[in-house]
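Order of appearance sets the numbers: ligands from 1, and atoms from 1 within every ligand.
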Amino acid sequence: MIVKTPPMGFNTWNTFGECYNEQVIRETADAMVERGFLDAGYDYLIIDDHWQMEYRDPGTKRLMPRPGKFPNGIIPVIDYVHGKGLKFGIYSCVGARTCGGKMGSFEYEFTDARTFAEWGVDYLKHDYCLRPERSVGEVLYRRMSAALRSSGRDILFAACNWGCDDVWSWIRSTGAHTYRSTGDICDNFRSFTDIFRSQIMKLSASAPNCYNDLDMITVGMEGSGNVGTDELCSEGVYRIQFAVWCMFNSPLILGCDLRSVSDKFRDLLCNREMIRINQDPEGRAPFPIGLDDSFAFCKLLSGGEFAVLLINVNDSWNNMSFVPHDMGLTESSGYKMVLTDVLNGDTFEASDIFFIPVEPKDCRMLRGKLMKK
Ligand code: GLA
């Protein structure tokens with residue numbers, strides 16, 4: 001399977017945790033189509049932990065869906081999701097048990113991959129809990145990768161070892177298409193800024209066919225659900241989260257309740273210009289361009305364009321600077337930068353150090369190109 005750009009979709013964990021069932025999945029599939037998420041590119045609907053029983057089928061040794069959640073089995077649900085033009089994702093774990101204590105795939109990788117392929121699964125999130133003491137994570141991911149690759153179906157392989165064991169240095173070689181690089185996200189500013197700060201030095205280890213996954217997006221949760229907290233995120237704070245995920249080439253896996261998320265946050269999550277920056281076919285790593293310890297990044301895009309992201313993490317206005325020199329532009333070049341704010345359409349021109357005001361705890365995302373002075 002070739003994964004050219006970061007995958008996009010929805011995962012049940014952030015909102016529902018253990019509490020989802022066939023009806024929730026069907027309604028979410030409907031919402032993905034009716035509320036414009038599929039049109040914007042979100043095409044994977046992924047069920048996380050707790051879909052499965054604590055033991056295998058005694059005869060076939062297969063994983064079994066929980067009858068309380070899926071009284072008609074899992075296949076009609078997958079068929080329904082496919083019928084909507086979406087792809088279906090499922091969850092398992094390298095350990096003998098999942099993080100939630102359900103049955104894991106340890107030593108049954110080939111059985112499970114074959115079962116998923118037969119059911120019509122298109123994506124597997126593979127977690128890292130309860131790994132037997134002496135088994136090496138790298139080998140276990142390699143094993144599930146081999147199992148999926150020989151299953152006869154194209155199944156996107158999403159590794160989830162939370163950044164342990166220097167995962168960025170070996171995961172691409174296992175065949176995984178995405179890899180979680182941090183612990184679990186919570187729906188607050190501190191949590192997701194810690195996540196993106198921890199990855200700034202590793203941005204080049206994320207590229208077509210194997211992307212660094214910053215975890216499921218919390219935009220639009222507004223404090224509710226399984227990873228909700230008391231600290232509510234402002235619109236600007238959510239804008240920062242989505243802009244960083246887009247700029248850092250992270251998979252865009254949504255975690256809010258797509259059935260009820262407000263139109264305002266639906267529109268942010270479906271912003272075509274921001275998604276275009278995430279989905280740029282060259283998949284190049286962004287690089288820092290700010291002065292001192294400010295958060296300013298540039299990312300080269302196909303067609304000679306580039307994107308700029310200025311993040312103000314402070315509680316006061318910040319006149320944020322970036323230096324054209326950092327982008328390779330010299331004074332004698334004869335070129336200037338022409339930039340457009342992708343959120344409000346403001347335009348700027350610059351050929352020297354440049355300042356743009358950014359609201360407290362907010363960001364600006366720009367798209368630009370070089371033009372003759
Ligand atoms: C781990 C993962 C989460 C989620 C839970 C499910 O914590 O990192 O994303 O899948 O397990 O139990």
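Relative to the ring axis of Y108, K61 does not place its NZ or CZ within 45° and under 6.0 Å from the centre.
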Only pairs under 3.5 Å count here: list side-chain donor-acceptor contacts from residues 295-307, not counting sequence neighbours, and write none if there are none.
| from | atom 1 | to | atom 2 | distance (Å) |
| --- | --- | --- | --- | --- |
| K299 | NZ | N249 | OD1 | 2.4 |
| K299 | NZ | I277 | O | 2.6 |
| S302 | OG | D280 | OD1 | 2.8 |
| E305 | OE1 | R367 | NE | 3.4 |
| E305 | OE1 | R367 | NH2 | 2.8 |

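A heavy-atom cutoff of 4.0 Å around ligand 1 is satisfied by the protein residues W13, D48, D49, Y91, C99, G100, K125, D127, C160, W162, R180, D184, M216.
Partners of C270 under the disulfide bond (SG atoms under 2.5 Å apart) rule, at least two apart in sequence or in another chain, do not exist in this structure.
Cysteines C129 and C99: SG-SG separation is under 2.5 Å.
Side-chain contacts under 4.5 Å among hydrophobic residues (ILVMFWY), followed directly or transitively, place L130 with no other residue at all.
Separation of the W51 and Y91 ring centroids does not fall under the 6.0 Å cut-off.
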